[in-house]
Structure formats: C-alpha cells, structure tokens
Amino acid sequence: MAVYRLRLLLSLNRGIHGLCTRKFCSSTAPSQIKRVGFIGLGNMGSRMADNLFKAGYNVVVHDINHDVMRAFSEKGFLVKNSPLEVAEESDAVITMLPSSAHVMDVYTGPKGILNHADQLRSWLFIDSSTIDPQTSRKLSAAVATSSLKGGSSTPAMLDAPVSGGIVSAENGTLTFMVGGSEEAYMSARPLFLSMGKNIIHCGGPGNGSAAKICNNLAMAVSMLGVSEAYSLGQSLGIGATTLTEIFNSSSARCWSSDTYNPVPGVMNGVPASRNYDGGFATKLMAKDLNLAATSAKEVGATSPMTSSALQITL
C-alpha cells in the first residue's frame with residue numbers, strides 16, 4: 001500500500017509539473033542497488049559494512065587507515081583510495097564519519113564524492129554520521145544540484161544516523177533515524193534493514209540528524225543520572241546488583257540501567273564489564289552534547305540539562 005501511494009504521488013507530481021527533471025524520482029532510479037560504497041570503517045562503520053557484505057551486496061570501501069583497508073581487502077571487499085573512486089564504483093554510498101568537518105571533506109574535498117558533481121554514477125547517498133542538521137541540509141542541497149550520468153533525474157541524499165552502539169552494529173539491530181524525501185527513504189530501506197532493526201523516517205533533510213542529537217542528549221542525561229544514583233547507592237551500602245533489580249522494576253528503568261549498565265560486573269557484554277573497552281567514548285558524547293547546545297542556541301531554545309551534562313562530560 002505504501003509503495004502504491006508513493007507511485008500515485010509521483011504520477012500526480014509529473015502531471016502537475018511535467019517530467020521529474022532536476023528531482024530524484026524512484027521511477028528513474030535503478031530498481032535495485034547492487035554495489036554499495038562505504039566510507040569510514042571505524043568501530044561502527046566496519047560492522048555495518050560487514051553486515052551489508054553478509055546480506056549479499058558488493059561492497060566498495062575506503063578509510064584513511066591503510067591497515068583497515070588491507071584487512072577489508074583480505075576479507076573480499078573492493079577497496080578504493082578516495083571517496084570519489086568509491087562513488088564512481090557504486091550505486092549507493094554510505095558514510096560513517098566522526099564529525100561534520102570529516103563529512104564535508106569526504107563530499108566536497110579535493111578527492112570528494114561531489115568533485116565531478118555533473119557526472120555522478122551513484123544515485124543514492126546516505127550519511128550515518130552524527131553531525132549537525134545544518135550540515136546535513138547543506139549537503140542535501142549540494143547533492144540535489146548534481147546530475148547522474150546519462151539520466152534526467154538527480155541523485156538523492158539521506159541523513160541517517162544510528163543508535164544502538166557497537167553491539168547493535170555487529171548484530172545488525174541498529175535504529176536508523178532518517179531525514180530526506182520519502183521516495184529516497186523507500187529506496188534505501190533494503191540497505192537499512194541489512195544493518196538495522198528499527199528504521200524511522202523523521203521527515204525532510206536534516207531531521208534525522210536532529211533526531212539523533214535529541215536522542216543522544218536524552219541518553220547522556222539519563223546515563224549521568226543513573227551513574228550518580230549508583231554511586232550514591234553504593235556509598236549508602238546498597239549493592240549495584242540490588243540497585244539494578246530495583247531500577248529495572250520501578251520508575252528508574254531506562255536503557256542505561258537495563259541494557260548498557262555502567263557498573264562493572266552487573267551485566268555481561270557491555271563496556272563496563274570489559275574495563276570500559278569498546279564503548280561510546282566520552283569525547284564523542286561531549287561532541288554530541290556540543291551539537292545539541294549549538295542547535296539549541298540557533299533556535300533560541302533553553303537547555304540547562306544540556307549545559308550541565310556537557311560540563312560534566314568535558
């Protein structure tokens with residue numbers, strides 16, 4: 001039914017505005033994504049790329065770490081020396097990078113994806129990095145002014161940051177928060193479902209990034225609150241295991257207590273029980289809180305909890 005509605009809307013759009021020139025149209029995009037480019041093979045990206053490979057996609061990869069590139073080559077991935085080379089070999093390209101500056105460099109730098117924006121082969125671009133909504137919208141606009149080789153439609157851009165951490169990335173159970181057109185979102189769903197479990201369309205360009213900032217703000221505040229409560233409780237003589245049982249059967253229950261418990265020895269398979277190895281680094285949380293604080297300032301919103309959490313995290 002959803003696909004039928006999309007086709008009907010596209011048909012009406014053509015009837016009103018003529019052909020879909022200078023717009024992304026699912027009717028003119030390739031019907032199937034066969035080769036996927038992946039740029040950024042860190043803790044999250046490497047596992048996401050692995051899951052795409054396991055799902056049967058031909059995956060083309062790039063990372064600035066040559067050792068990582070060598071390891072992926074040995075696993076059977078096609079490796080390329082620049083983002084532009086990845087885009088030239090792919091139907092769709094996914095980026096998973098540390099910051100807005102890295103994302104802009106990959107797209108608009110000297111060897112960036114949009115270096116030949118008038119002759120793109122890739123028709124779908126997905127950025128899963130956690131960056132500010134303004135950068136996501138700027139990139140979406142830049143992609144919308146580009147052209148596909150031999151086609152009348154333009155490529156599409158989605159901002160699709162994730163939640164779930166390394167464990168979910170490895171298990172293919174990530175949550176994707178997706179901003180961009182509904183047509184592009186529907187085209188990208190098979191890719192998302194190869195890497196994740198929950199796929200949520202948040203609205204237009206930048207809304208996925210906005211959702212991720214809000215999600216991580218709430219998570220940071222809750223993790224700080226849970227950690228402080230554990231510290232106080234243990235100082236008052238209550239064991240962490242007992243507190244966990246209480247939290248998870250009462251009003252304190254949250255992701256920080258029942259899924260990603262911060263106290264060593266309480267829960268298996270989480271960073272706290274591995275000497276805090278492999279978890280979400282504090283500096284990354286500080287980066288996300290900075291993004292939230294900046295976004296709040298831009299729209300004139302008051303955010304005292306953001307400021308407090310950021311001061312503690314720094």
Side-chain angles (χ1 to χ4, degrees), residues 24 39-40 42 44-45 83 93-109 112-114 117 125-146 154-165 174-182 184-185 188 198-225 254-256 280-314:
F24 171 82
I39 300 169
M44 297 292 290
V93 176
I94 301 171
T95 48
M96 186 62 161
L97 301 160
S99 70
S100 300
H102 291 97
V103 174
M104 289 301 294
D105 184 61
V106 161
Y107 275 88
T108 64
I113 290 170
L114 300 181
F125 298 94
I126 301 168
D127 180 41
S128 288
S129 316
T130 299
I131 63 175
D132 61 282
Q134 293 76 14
T135 296
S136 294
R137 288 165 183 149
K138 185 186 299 183
L139 279 176
S140 180
V143 168
T145 63
S146 305
T154 62
M157 178 89 195
L158 295 170
D159 48 287
V162 302
S163 181
L174 291 167
T175 292
F176 282 86
M177 294 155 263
V178 187
S181 74
E182 192 169 355
Y185 165 73
N198 303 301
I199 321 299
I200 304 165
H201 187 220
C202 303
N207 281 19
S209 294
K212 177 60 189 295
I213 288 173
C214 293
N215 178 80
N216 278 25
L217 164 60
M219 187 270 284
V221 171
S222 68
M223 179 61 83
L224 288 169
C254 62
W255 182 83
S256 300
F280 188 57
T282 304
K283 65 179 181 180
L284 293 178
M285 181 54 71
K287 182 207 79 171
D288 292 354
L289 287 167
N290 262 315
L291 290 174
T294 300
S295 295
K297 185 176 181 180
E298 288 174 348
V299 297
T302 56
S303 53
M305 298 300 288
T306 304
S307 301
S308 296
L310 181 56
Q311 287 178 5
I312 295 170
T313 306
L314 290 174

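Position 1 is the first residue of the sequence; numbering continues from there. Predicted model, so just to flag it, every value in this text is computed and none were measured.
- Counting only heavy atoms from C-beta outward, the side chains of V106 and L97 approach each other to under 4.5 Å.
- In plain terms, the two heavy atoms of S163 and M177 that are nearest each other are CB-CE, 3.7 Å.
- For the pair M285/M219, a side-chain contact is recorded, criterion being any heavy-atom separation below 4.5 Å from C-beta on.
- Contact between S100 and I131 at its shortest, heavy atoms only, is OG-CB, 3.2 Å.
- Although no hydrogens or angles enter the test, the distance criterion places a donor-acceptor pair under 3.5 Å between the side chain of H201 and the main chain of G180.
- Atoms NZ and OG, on K287 and S99 in that order, are 6.5 Å from each other to the nearest 0.5 Å.
- The backbone N or O of N216 sits nowhere less than 3.5 Å from a side-chain atom of D288 that would complete a donor-acceptor pair.
- For the pair S303 and A296, the tightest heavy-atom approach, listed with the atom from each and the gap, is OG-CB, 3.6 Å.
- Exactly one residue among L284, L314, T313 makes a side chain to side chain contact (heavy atoms under 4.5 Å, CB included) with L289. That residue is T313.
- Side-chain atoms of T306 and V221, non-hydrogen and from C-beta on, never get closer than 4.5 Å to each other.
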Which donor-acceptor pairs under 3.5 Å do side chains of residues 133-142 form with protein atoms, sequence neighbours excluded?
unit_1 : atom_1 : unit_2 : atom_2 : d
Q134   : NE2    : E298   : OE1    : 2.4
T135   : OG1    : D132   : OD1    : 2.9
T135   : OG1    : D132   : OD2    : 3.0
S136   : OG     : S209   : OG     : 2.6
R137   : NE     : P205   : O      : 2.8
R137   : NH2    : N207   : OD1    : 3.0

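- Side-chain contact between I126 and T95 is absent, with no heavy-atom pair separated by less than 4.5 Å.
- Scanning both residues, V178 and A160, for their nearest heavy atoms gives CG2-CB, 4.1 Å.
- To the nearest 0.5 Å, atoms CZ (F176) and CG (N198) are separated by 10.5 Å.
- Between F125 and L158 the shortest side-chain heavy-atom distance does not fall below 4.5 Å.
- Atoms OG1 and CG, on T130 and L291 in that order, are 8.0 Å from each other to the nearest 0.5 Å.
- Considering CE of M223 and OG1 of T282, their distance stands at 10.0 Å, rounded to 0.5 Å.
- Considering CD1 of I312 and OG of S307, their distance stands at 11.0 Å, rounded to 0.5 Å.
- Within the 4.5 Å cutoff, the side chain of M44 has heavy atoms near those of the V162 side chain.
- Applying side chain to side chain contact (heavy atoms under 4.5 Å, CB included) to S146 and the options I113, T154, L114 leaves one that passes, L114.
- Side-chain contact between H102 and S129: absent, with no pair of heavy atoms (C-beta onward) separated by less than 4.5 Å.
- Contact annotation: the side chain of I94 approaches that of S128 to within less than 4.5 Å [non-hydrogen atoms, C-beta and beyond].
- For the atom pair OG1 of T175 and CG of N215, the computed distance is 8.0 Å after rounding to the nearest 0.5 Å.
- Across V103, V143, I39, V93, a single residue satisfies side chain to side chain contact (heavy atoms under 4.5 Å, CB included) together with D127, and that is V103.
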